[in-house]
Chemist: 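Attaching a single structure in structure tokens format; questions to follow.
Atoms within a ligand are numbered from 1 in the order they appear, just like the ligands themselves.
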Amino acid sequence: MSKPKHEYTVAICPGSFDPVTFGHLDIISRAADIFDKVIVTVATNSSKQPLFTVDERKQLLADVTSRWPNVVIDSFSGLLINYAAARGANVIVKGLRAVSDFEYELQMASANHKLNEKIETFFMMTNPKFSYLSSSIVKEIARYNGPIADLVPDAVAEALLRKFSAPST
Ligand code: COA
């Protein structure tokens, strides 16, 4: 039998995580079963207007991933592929929810491969239970006091409640 190419695998799970949902956790937990180390990293230079600060998003991620000892939380700015290389990662893991995700993700994966062909992008099909889910959908439901218990962990639901019940400035 030939020797595995990588004896120690480090995977990066990148995203805005504004906030983390059960859909993200589905991908993170499966990645944690496959790879030796999983770095879940929050993009700080997103063009999106976030509800949660980077530190808040990292804290929520740390709370809800604490059961997996091989998962660590971080943040990055700039190009993902440069960050992945700097962290010694072998792979980038992304979840695919629907056909509509495919075209964008293919473009990203191809661009990243062009920039650094040593780092592979792995796609996992998101559990169909969460295929409609996004952080924006969760925020929209929470903003109008809709039920989110099936969409996000308790710590995230509580943080959303605090955000939307805080007096606006
Ligand atoms: N379950 C539920 N929801 C999911 C999901 C899953 N498995 N996977 C993604 N989503 C949701 C996210 O919550 C997000 O929702 P939102 O748009 O309401 O915030 C949406 O789907 C899009 O997710 P994704 O495509 O992962 O975007 P993102 O904003 O979370 O992260 C980066 C994108 C940060 C990974 C990407 O822009 C990046 O790498 N940026 C760095 C710059 C760079 O290197 N660019 C590439 C140059 S070639």
Chemist: Return a table of donor-acceptor pairs under 3.5 angstrom between the side chains of residues 26-39 and protein atoms on other chains or two or more places apart.
Modeler:
unit_1	atom_1	unit_2	atom_2	d
Asp26	OD1	Arg30	NH1	3.4
Asp26	OD2	Arg30	NH1	3.0
Asp26	OD2	Asn127	N	3.0
Ser29	OG	Leu25	O	3.1
Ser29	OG	Asp26	O	3.0
Arg30	NH1	Met125	O	3.0
Arg30	NH2	Met125	O	3.1
Asp36	OD2	Thr9	N	2.7
Asp36	OD2	Thr9	OG1	3.3

Chemist: Give me each pair satisfying side-chain hydrogen bond (donor to acceptor under 3.5 Å, both in side chains) with a member in residues 98-118, each pair once, sequence neighbours excluded.
Modeler: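 For residues 98-118, and leaving out neighbouring residues, the side-chain hydrogen bond (donor to acceptor under 3.5 Å, both in side chains) pairs sorted by first residue read Lys94-Glu105, Arg97-Asp101.
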Chemist: Quick check: closest heavy atoms across Arg57 and Ser16, and the distance to 0.1 Å?
Modeler: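 Closest approach of Arg57 to Ser16: NH1-O, 2.8 Å.
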Chemist: Give a yes-or-no answer on whether the side chains of Gln59 and Asp63 include a donor-acceptor pair shorter than 3.5 Å.
Modeler: yes
Chemist: Let me have the donor-acceptor pairs involving side chains of residues 135-156, under 3.5 Å, with sequence neighbours excluded, atom names and distances please.
Modeler:
unit_1	atom_1	unit_2	atom_2	d
Ser135	OG	Pro19	O	2.9
Lys139	NZ	Asp18	O	3.0
Lys139	NZ	Asp18	OD2	2.8

Chemist: Just to be sure I understand the cut-off, which residues have at least one non-hydrogen atom under 4.0 angstrom from an atom of ligand 1?
Modeler: Pro14, Gly15, Ser16, Thr21, Gly23, His24, Ile27, Ala43, Lys48, Phe76, Gly78, Leu79, Leu80, Lys94, Arg97, Tyr104, Glu105, Met108, Ala111, Asn112, Thr126, Leu133, Ser134, Ser135, Ser136
Chemist: Applying the 4.5 Å side-chain criterion to the ILVMFWY set and letting contacts propagate, would Met124 and Phe22 be lumped into a single cluster?
Modeler: yes
